[in-house]
Trainee: 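This structure is in structure tokens; I'll ask about it shortly.
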Amino acid sequence: MTEIYMDHAATTPVRPEVLEAMMPYFSVEFGNASSIYSWGRRAHHGLDQARDTIAGLIGARPEEIVFTASGSEAANMALKGAAWGLRSKGNHIITTAVEHHAVLDSALWLEKNGFEVTFLPVDSEGRVSPEQVRDAIRPDTILVSVMHANNEVGTIQPIAEIGSVVKESGALFHTDAVQTMGVLDIDLSRLDIDLLSFSAHKFYGPKGVGALFVRKGVRLDPLVHGGAQERRRRAGTENVAGIVGMAKALELAVAEREVEVPRITKLRDQLIRGLREIPHTRVNGSLSERLPNNVSVCFEFIEGESLLLNLDMRGIAASSGSACTSGSLEPSHVLLAMGLSHEIAHGSLRLTLGRENTENDIEYVLNELPDIVHRLREMSPLYDK
Amino acid sequence: MTEIYMDHAATTPVRPEVLEAMMPYFSVEFGNASSIYSWGRRAHHGLDQARDTIAGLIGARPEEIVFTASGSEAANMALKGAAWGLRSKGNHIITTAVEHHAVLDSALWLEKNGFEVTFLPVDSEGRVSPEQVRDAIRPDTILVSVMHANNEVGTIQPIAEIGSVVKESGALFHTDAVQTMGVLDIDLSRLDIDLLSFSAHKFYGPKGVGALFVRKGVRLDPLVHGGAQERRRRAGTENVAGIVGMAKALELAVAEREVEVPRITKLRDQLIRGLREIPHTRVNGSLSERLPNNVSVCFEFIEGESLLLNLDMRGIAASSGSACTSGSLEPSHVLLAMGLSHEIAHGSLRLTLGRENTENDIEYVLNELPDIVHRLREMSPLYDK
Amino acid sequence: MYSEKVMDHFTNPRNVGELPDADGVGEVGNARCGDIMKLWIKVEDGRISDVKFKTFGCGAAIATSSIVTELAKGKTLDEAEQISNRAVAEALDGLPPIKMHCSNLAADALREAIADYRKKHNME
Amino acid sequence: MYSEKVMDHFTNPRNVGELPDADGVGEVGNARCGDIMKLWIKVEDGRISDVKFKTFGCGAAIATSSIVTELAKGKTLDEAEQISNRAVAEALDGLPPIKMHCSNLAADALREAIADYRKKHNME
Ligand SMILES: Cc1ncc(COP(=O)(O)O)c(C=O)c1O
Ligand SMILES: Cc1ncc(COP(=O)(O)O)c(C=O)c1O
């Protein structure tokens, strides 16, 4: 049976080269990286090398990389760590209405615990502007968090410009780069970014490993207290294999980016063009400032989950911002923030491309989808031919 | 060269059977367990099975297991999650002076943030008594945290009795079982324990995976907010491979416990007997209520790190509560809490046995150690023959 | 996630469509929450002789709609009124907990259609 | 963690022991913080003709003690007094940052021994 995975924004397979780099650290070089004997030193060496590699690839210093267990943990650490660490300076936080729940829910929790949060609205393409950020900044603003690119609709935010605005104010700037790491060029030596989150499993590394870049001089309260790991910023015996895997994955992603990004952008545009031919279909997000692998559309009159189930039966893995697939009762907060109605937001479909996808896959999807959409519309009480 | 690993309390190698169980989930069954298509469902199935296995082995229900990235994260979630979740009920927390830093530093951080913490002292063997706990409980006590067994000196706490005392009071009881999971029998259906932390890499599972048992009905604030994973109690794409590995490792540990524990206890006692023959040596912790694999001694007049370096040069991996090996300026807080002087605490040595250790290893260590101790004492200005 | 029965009814929904000359029509749900079910019945001799549905919604919504039409057909109005959402879920070998409240509305739609029939025929 | 030079001096420390007929003795550190160094010097014609040490402490403490005895031997008192803790660390090809403050006391011990010598010989 045909099996086409088009949900690379959700997660990616571990590349064989990555798994190979990880293997020695499970059962052979298994030492605790904090131990001073040879097993420990060899594990620590693996950790150091991984840290150097990652730092080098994003224009950071090794000591500015704090390893975490996920993008979510990194984002939580950025928001809560900054909030708790800077409470004496102010209690106002700015973020956007289209952040991933890791940022959004951290902000909401802080709001419940004595902080004030401004959630900036976005335009119909999902963008915030540096001016909006400038206008929202107050003397007591301690942190601004704006994602690099949106995981649902693929819209890229002007983080360089926003960073400059935030820097002027003296607040910290966090960006959630979970969707862009390894895909877009990120050079932290040239960007006014204090905190940056990313997650290995989004770029063909293992699940359960993430990192937070913490610019030198920035003080956060830890999220996980305990041992002296990660320069006392994040306790817990280090996941050496996972971290080594993340470094290898990022190295490969960056090395292949120049070839892979244009390839995948072409496939993406081909897919978008094809989907547009289905009537009553709208493309979500910016067409110009867009992740190279993201296709997000809404089909009117139908609901996302039933669409996904039908796609799955034809071997296509995709995702939707439909309420039914998010474990909540509301459809995607991102699509709603962009001004879509509930009804239309329920009919969203996200296809995110990856290394294994080919032109054949695009053709297959474009062949199957119109039929599925048609079938579901025929069944829909909202559809009036 | 001889290579003898005797630091199993620090970490353990991943068993081949465990790695084998994990392998499919890296590159083949790599789906995001929250996704509804087949890749996602297969990953979710792996996750469900792992949860069922672990719950079954410790007398819990599957939905009472929350996967984390480490024992430290589990303990932080227990303390902070309970503190934030129960703040309206009270703000007093009780723990002991000999906890792991994950608990201790979480408690200290909460103390800085408006909670009151009582740190119970211990006796010369490192034990707290249920009476001490009873006396410390106040109407506003919301949480008591007492570790199951101490990672440095191996002393086992009377957690069943302490649990009963805490239950009467209506407070929550957390126990840090990182050192006992897979080693001692833990049946949560018979114990008055509300929260219990453990970590896979201590029982031949992978690093970067832990879990918190959260008894049904207990509400915690999440430590990591975001996606709906783990029933909204801990966000972040699940580390399926790691979790599957933890389940396999626990399954093996429990299956082999009946044979392995007596074997290792015998080796432990042989090692303790041998070390006692070195003059000016004291054994730390309880001899009766003790982890089966823990040997902890102090050699007077010498310092732990130089001891470890010498052992390492002879191929023996061990650990010490010396300040120099903990990244802090103070020697082990556990040894100090037990009444040892700084001077003696600096000369501590911990040897923790594991599956691969044999009687030969014990003999080798007993052959090398006296010479090393002698050499260092000869060099010590404190040693007066 | 879904039982085989659910997937069967989702993949091959029974009685999809409209009844232009229906005796009663019921509609429940709204687009906001992502589920709308519309159900048409024909009544002969106090029994439901035909029934059709259209549904905008997730897999569970489509499957419950489908099975409720099967359960209802041939039943008297009084019998059909007794079909509970719970019975619908059971007939499908269960639904995921999260779907129990939000997408299990088909029995409600059926009751609405019966009520509509009764109203039109002054049987309230 | 440690440089080869540190490990060499730790493994084969030079000049371990006491000088019963020392002209000056210096002692620094305390057991509380885990490092005690004691250092004995013999002085001839204003130069350090012999030097021995005993150390309770970590690898860095032992290595710095050892190398400082090598650096001091043959030097005039004035020269020996100029040996800084930093110079000791450099002679060992560096020390881990955490060891720089806590275990790098050997030069202080040497200075104490010289001061002791001067005091005994009224040369202050
Ligand atoms: C008793 C105890 N608690 C907590 C931990 C922390 O576990 P982890 O390093 O997996 O976070 C450890 C291990 O270092 C431990 O021994
Ligand atoms: C933009 C964004 N932020 C954060 C996350 C969370 O990453 P993780 O699941 O690794 O915690 C994701 C992925 O789900 C994401 O797409």
Side-chain angles (χ1 to χ4, degrees), chain A residues 5 7 10-16 19 26-28 30-32 35-40 69-73 75-76 84 100-102 105-106 109 113 199 201 206-209 221 223-228 235-242 305 308-309 311-312 317-319 325-328, chain B residues 5 7 10-16 19 26-28 30-32 35-40 69-73 75-76 84 100-102 105-106 109 113 199 201 206-209 221 223-228 235-242 305 308-309 311-312 317-319 325-328:
Chain A
Y5 184 77
D7 200 16
T11 195
T12 57
V14 174
R15 290 178 65 154
L19 190 53
F26 288 111
S27 308
V28 183
F30 67 86
N32 189 313
S35 306
I36 68 170
Y37 42 75
S38 53
W39 278 276
S70 64
S72 298
E73 186 193 335
N76 273 256
W84 293 114
H100 186 270
H101 277 290
D105 291 4
S106 292
W109 184 79
N113 284 279
S199 185
H201 72 96
K207 294 173 187 35
V209 202
D221 271 26
L223 189 66
V224 182
H225 285 89
T237 301
E238 298 91 341
N239 177 359
V240 183
E305 195 211 67
L308 295 191
L309 289 173
L311 285 167
D312 183 43
S319 100
T325 64
S326 69
S328 83
Chain B
Y5 184 76
D7 200 16
T11 196
T12 57
V14 174
R15 289 178 66 156
L19 191 52
F26 288 112
S27 308
V28 182
F30 67 86
N32 189 314
S35 305
I36 68 171
Y37 43 74
S38 55
W39 278 276
S70 65
S72 298
E73 187 194 334
N76 272 256
W84 293 115
H100 186 270
H101 278 289
D105 291 3
S106 292
W109 183 79
N113 284 280
S199 185
H201 72 97
K207 295 174 186 36
V209 201
D221 270 25
L223 190 65
V224 181
H225 285 88
T237 301
E238 298 91 340
N239 176 359
V240 182
E305 194 210 70
L308 294 192
L309 290 172
L311 284 167
D312 183 43
S319 101
T325 63
S326 69
S328 82

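Below, chains carry the letters A, B, ... as their sequence lines are ordered, and counting in each starts from 1.
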Trainee: Could you check whether any side-chain N or O of B/S27 sits under 3.5 Å from a backbone N or O of A/V14, counting only pairs where one atom can act as donor and the other as acceptor?
Mentor: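 Yes, because the side chain of B/S27 sits within donor-acceptor range (under 3.5 Å) of the backbone of A/V14.
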Trainee: Between B/A318 and chain A, with a heavy-atom cut-off of 4.5 Å, which part of the residue counts as in contact: side chain, backbone, both or neither?
Mentor: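 Backbone only.
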Trainee: Look only at the side chain of B/D312 and the backbone of B/L308, and say whether a donor-acceptor pair between them is shorter than 3.5 Å.
Mentor: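 Checking the backbone N and O of B/L308 against the side chain of B/D312, no donor-acceptor pair under 3.5 Å is found.
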Trainee: Pick from B/G236, B/G227, B/G40, B/G71: which one has the most heavy-atom pairs with chain A under 4.5 Å?
Mentor: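 Heavy-atom pair counts peak at B/G236.
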Trainee: Side chain from CB out, backbone as N, CA, C, O: work out which of these in B/L223 comes under 4.5 Å of a heavy atom of chain A, or both, or neither.
Mentor: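 Contact with chain A: backbone and side chain both.
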Trainee: Taking every heavy-atom pair that is under 4.5 Å apart, which of B/S70, B/A102, B/G242 has the most such pairs with chain A?
Mentor: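 That would be B/A102.
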Trainee: Tell me, for A/A10 versus chain B, whether the close heavy atoms (under 4.5 Å) come from the side chain, the backbone, both or neither.
Mentor: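 For A/A10, backbone and side chain are both near chain B.
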Trainee: Let me know if B/N32 has heavy atoms under 4.5 Å from chain A in its side chain, its backbone, both or neither.
Mentor: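 Both parts, backbone and side chain.
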Trainee: Using a cut-off of under 4.5 Å on heavy-atom pairs, state which of A/K207, A/E73, A/H100, A/H101 scores highest against chain B.
Mentor: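 Among the listed options, the one with the most contacts to chain B is A/K207.
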Trainee: Relative to chain A, which segment of B/T12 carries a heavy atom at a distance below 4.5 Å: side chain, backbone, both, or neither?
Mentor: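 Only the backbone of B/T12 comes within 4.5 Å of chain A.
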Trainee: Is it the backbone or the side chain of B/S35 that comes under 4.5 Å from a heavy atom of chain A, or both, or neither?
Mentor: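 Just the side chain, heavy atoms under 4.5 Å.
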Trainee: Please name the pair of heavy atoms, one in B/N239 and one in A/G208, separated by the smallest distance, quoted to 0.1 Å.
Mentor: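 Looking at all heavy atoms of both residues, the closest pair is CB-CA, 3.9 Å.
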Trainee: Which one wins on heavy-atom pair count under 4.5 Å against chain B: A/A235, A/A75, A/P16, A/S199?
Mentor: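 Answer, by heavy-atom pair count under 4.5 Å with chain B: A/A235.
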Trainee: Which heavy-atom pair separates B/I36 from A/E305 by the least distance, and what is that distance?
Mentor: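 Taking every non-hydrogen atom into account, CD1-CG, 3.6 Å.
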Trainee: Which class fits the ring pair B/Y37 and A/Y5: parallel under 30°, tilted 30 to 60°, perpendicular over 60°?
Mentor: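 B/Y37 and A/Y5: perpendicular rings.
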Trainee: Give the minimum heavy-atom separation between B/W109 and A/D221, together with the two atoms involved.
Mentor: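 For B/W109 and A/D221, the tightest heavy-atom pair comes out as NE1-OD2, 2.6 Å.
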Trainee: Under 4.5 Å heavy-atom distance to chain B, tell me which part of A/D105 shows up: side chain, backbone, both or neither.
Mentor: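 Both backbone and side chain of A/D105 come within 4.5 Å of chain B.
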Trainee: Is B/A317 in contact with chain A via its backbone, its side chain, both, or neither, using a 4.5 Å heavy-atom distance?
Mentor: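 B/A317 touches chain A through backbone and side-chain heavy atoms alike.
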Trainee: Can you tell me how far CG of A/D7 sits from CH2 of B/W39, rounded to the nearest 0.5 angstrom?
Mentor: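 Taking CH2 in B/W39 and CG in A/D7, the distance rounds to 10.0 Å.
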Trainee: I'd like to verify something: which residue of B/V240, B/V209, B/T237 has the highest number of heavy-atom pairs under 4.5 Å with chain A?
Mentor: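 Heavy-atom pair counts peak at B/T237.
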Trainee: Taking B/S106, B/P206, B/S38 one by one, which has the highest count of heavy-atom pairs under 4.5 Å against chain A?
Mentor: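 Most heavy-atom pairs under 4.5 Å with chain A: B/S38.
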Trainee: Consider only side-chain N and O atoms of B/N113 and A/W84, and report whether a donor and an acceptor are under 3.5 Å apart.
Mentor: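 B/N113 vs A/W84: no donor-acceptor pair found between side chains.
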